[in-house]
Amino acid sequence: MQLVFATHNAHKADEVRAILAGTGVTVRTLADLGYHEEVPETGSTFIANALQKAHHVHAALGLPCVADDSGLEVDGLGGAPGVHSKRFSPEATAEANNRLLLQKLTPGVDRTARFRCVLALVGVGEDRTADGSCEGRIALSESGEGGFGYDPLFVPDETPGRSMAELTADEKNAISHRGRAFRQLPALLGLS
Ligand code: ITT
């Protein structure tokens with residue numbers, strides 16, 4: 001079964017291809033299809049944004065679509081950056097986002113956090129969603145070269161002392177919010 005993965009984020013696409021390997025589900029990304037237009041995400045929840053992205057691309061292409069809306073929730077910041085994770089800083093780069101996050105986490109602020117991912121499947125029967133999360137805490141400084149986004153600052157509870165960016169791709173996918181959400185996809189499609 002082939003789906004369009006409604007993302008412009010190449011890191012997400014690489015991860016999802018690896019997560020789905022051997023399941024019988026394959027994805028083509030927007031880049032693969034030469035679709036370079038922006039995909040709107042104006043909702044205030046991960047689920048609303050995932051459904052919005054999948055519906056938008058399904059309407060444009062007429063093909064079954066899956067979308068991922070994801071982000072980091074930090075308890076001491078009231079769940080921020082949350083759905084605003086990509087554009088947390090004005091520069092909206094990973095470097096600036098991570099710098100701003102460290103600035104906001106002054107001594108005494110609760111650093112417990114989680115990554116969340118909601119996927120939405122549109123165009124295969126009724127709309128369906130699934131979610132996954134990964135609990136951890138925000139480190140005092142960045143470490144590691146792998147992954148993307150906030151990974152150098154996020155230390156999963158399951159890998160004490162190692163940030164998400166210090167894990168191999170397989171190690172990240174085994175415990176990540178995205179791995180946990182997308183491993184449900186074959187069942188959503190009735191394949192397992
Ligand atoms: P698409 O909407 O095109 O899929 P995006 O990067 O805009 O790509 P989101 O709106 O879902 O995706 O924002 C996700 C942001 O949350 C992402 O840019 C990172 O800042 C952060 N994020 C999500 N998953 C992450 C992960 O596995 N590791 C580190 N940061 C992550």
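Quick note: residue numbers are just sequence positions, from 1. Every number for a ligand or one of its atoms is a count from 1 in the order of the listing. Predicted model, so just to flag it, every value in this text is computed and none were measured.
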Q) Any sub-3.5 Å donor-acceptor pair from Asn98's side-chain atoms to Gly149's backbone N or O? A) yes
Inset, instruction - Check the side chains of Ser176 and Asn173 for a donor-acceptor pair under 3.5 angstrom, ignoring hydrogens and angles. - result: no
Lining ligand 1 at under 4.0 Å, by non-hydrogen atom distance, are residues Thr7, His8, Asn9, Lys12, Glu41, Lys53, Asp68, Asp69, Ser70, Gly71, Ser85, Lys86, Phe115, Phe148, Gly149, Tyr150, Asp151, Lys172, His177, Arg178
Glu73 meets the salt bridge (charged side-chain N to carboxylate O under 4.0 Å, His left out) criterion, sequence neighbours left out, with Arg114, Arg116
Walk me through it: do Ser133 and Arg180 pass the test side-chain hydrogen bond (donor to acceptor under 3.5 Å, both in side chains)?
CA-CA 7 Å; Ser133 61; Arg180 288 177 167 136; over 6 Å; no
- Query: Taking it one step at a time, do Lys86 and Glu41 satisfy salt bridge (Lys or Arg N to Asp or Glu O under 4.0 Å)?
  - Reply: CA-CA 11 Å; Lys86 185 176 180 189; Glu41 45 180 306; over 6 Å; no
Expected output: side-chain His8 to main-chain Glu37 donor-acceptor under 3.5 Å: yes
